[in-house]
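Quick note on labels: first sequence line is chain A, next is B, and so on, each numbered from 1.
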2 protein chains.
Amino acid sequence: MRDFTRKLRVLLIDDNANHLRGIKELISLETNYSVVGATRSANLGLGLIKKYRPDIVLMDVNMPEKDGLQAIQSINKMGVSTNVVILSGYDDSDLIYRAMKLGARGYVLKTMASSKLIDAIETVADGKIYLPSILTTRFFEYFQNAAKEETKVVAGENLLLSLTGRENEVLDLLTQGINYKSIAQKLIISETTVKTHVNNIFQKLQVNDRTNAVLYALTHGFKPSSAQETAMTTAA
Amino acid sequence: MRDFTRKLRVLLIDDNANHLRGIKELISLETNYSVVGATRSANLGLGLIKKYRPDIVLMDVNMPEKDGLQAIQSINKMGVSTNVVILSGYDDSDLIYRAMKLGARGYVLKTMASSKLIDAIETVADGKIYLPSILTTRFFEYFQNAAKEETKVVAGENLLLSLTGRENEVLDLLTQGINYKSIAQKLIISETTVKTHVNNIFQKLQVNDRTNAVLYALTHGFKPSSAQETAMTTAA
DNA sequence: ACTTATCTAAATCTGCAGGTTGAGAAAGCT
DNA sequence: AGCTTTCTCAACCTGCAGATTTAGATAAGT
């Protein structure tokens, strides 16, 4: 839970001097916030973050040299845990998606009422995610579409379904980059038997070598089954 | 934009008879909604969806035989476009994540005020996503954590960075499952040169064969660069 | 001018990968 | 009992994959 006994330390990063000043004044009106820094450069901002460890960072996305998304990545690499709220003029679904994926805790449009910015800070400081309804919808436009594409590849008749149990086990080991001899040892069968299985796998997946078999498996949602099944079969 | 001249057609699926009745009555109170069906079985629900093509489906997640998530998958396979709003007693981050990934348009907790359910229907019918603040936060707990894990694998010194431009091109072709001869033809160099490059790649990635080189590349965020660069080099 | 990195290539060699044929044993189905 | 599937294995063969050595050409940095 949030500590209400001390002021929330806020850092501002926006290359537009007017925005920077405006936001600073807006936040200064709130009695329980203190602006620990305000800069027009992402790189300078990173230094300030390391120095002052703010609770909240309000970050513009659209900046020269290093943009907001790159800045978030840099923060992650620094290993500093701070809550970034994105300030953006754009509501592109992929921009929102990328920002959230990188770990942003909130996303506010510059066109929104300034009270929303205060809401965002409060919500994020409280450990929650702040994403207005419209932006949530935008986010999922991208997210659900990407998920659909992902399953599209996985579907498509799927030659993997024609594999037998043993063939699945062999394929599983193939996808780990193991050679014939080691596979034979792991499954406790002869090397020639493994070759037979592998050849059958090649035919069923319509490929000519290991690499393409592995590639087919990985791009068609192959799920390793050996872990349990091998234990079952060897125990039986 | 939504058509306000006709009633919103809603379908209910919940194995709990009391819930089903309660929700039905609640919705019946709204003058601009009409319940086109209500069933306690997901499988029966699928039939009703195909038959009545409802605007909104209110779906319980926790059901015997086929649960709500499996039901969404079935709807997707049917190719019917309807808006599913999940009704759940649980706010697990991964449950919310999976539901939204499968294409749910809204998620409401059974413990929430019934007015929220009406809000959800309105919002979803309006083409937007309905995800209350707490659930949005839960969703991102899972989503951002998964994203972090993803980049963790990609990071880790990354031997890929030690590869030269040409080696990257060769690796790119390797990850497409192409053999020496074809690679040589594509890059317009001799087969022995390709072998030299491949051997250098193996050493740098610390592997002994194609398959493991490809596996390393794919699990460490290898981005194919040949598409443009090859065109550049061949043109030069 | 010297050094280093990169790309190119030939020559040689070992051996595992991949293809084919044939066949026995066990389990399940009809 | 007979058929089918699956798993098992041998023996043989071709050849590409992978390892090693040596070396010329070019470009870039010191």
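- Computed from coordinates, the B:Ile189 CD1 to C:dA10 C1' distance equals 14 Å when rounded to whole Å.
- Across C:dA10, C:dG19, C:dC7, the shortest atom-to-atom separation from the side chain of B:Thr164 is found for C:dC7.
- Listed in residue order, the members of residues 192-199 of chain B having a heavy atom less than 4.0 Å from DNA chain C are B:Thr192, B:Thr193, B:Thr196, B:His197.
- Atom P of nucleotide C:dG18 and atom CG of A:Asn200 are separated by 14 Å, given to the nearest angstrom.
- Within the 3.5 Å criterion, the main-chain N or O of B:Glu141 finds no donor-acceptor partner in the side chain of B:Asn145.
- For the residue pair B:Thr192 / B:Ser190, a side-chain donor-acceptor distance below 3.5 Å is found, with atom types taken as modelled.
- Rounding to whole angstrom units, NZ of residue B:Lys181 and P of C:dA9 are separated by 17 Å.
- Rounded to an integer number of Å, the gap from CD of B:Glu169 to P of C:dT6 is 14 Å.
- Atoms CG (B:Leu187) and P (C:dT8) sit 8 Å apart, rounded to a whole Å.
- Separating the CZ atom of B:Phe202 from the C1' atom of C:dC16 is a distance of 13 Å, rounded to the nearest angstrom.
- As rounded to whole Å, 14 Å separates atom C1' of C:dC7 from atom CG of B:Asn168.
- Summary of the strand contacts: A:Gln203 and A:Ile178 both lie near DNA chain C, and taking for each the nucleotide with the nearest heavy atom, the more 5' one is attributed to A:Ile178.
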Worked verdict on A:Lys110 versus A:Asp14 for salt bridge (charged side-chain N to carboxylate O under 4.0 Å, His left out) = CA-CA 12 Å; A:Lys110 292 186 175 178; A:Asp14 193 328; 3.5 Å; yes
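- With hydrogens and angles left out, the side-chain atoms of B:Ser182 and B:Asn179 include a donor and acceptor closer than 3.5 Å.
- Protein chain A contacts DNA chain D over a range whose 5' and 3' limits, counting nucleotides with an atom under 4.0 angstrom from a non-hydrogen atom, are D:dT6 to D:dA10.
- When rounded to the nearest whole Å, the span between CG of A:Leu205 and P of C:dG19 equals 13 Å.
- Judged by the 6.0 Å distance and 45° axis criteria, A:Arg138 is not positioned over the aromatic ring of A:Tyr90.
- The aromatic rings of B:Phe140 and B:Phe143 lie perpendicular to each other, with more than 60° between the two planes, well past the 30° mark.
- B:Pro54 pairs in a side chain to side chain contact (heavy atoms under 4.5 Å, CB included) with only one of the listed residues (B:Val84, B:Leu11, B:Val80), which is B:Leu11.
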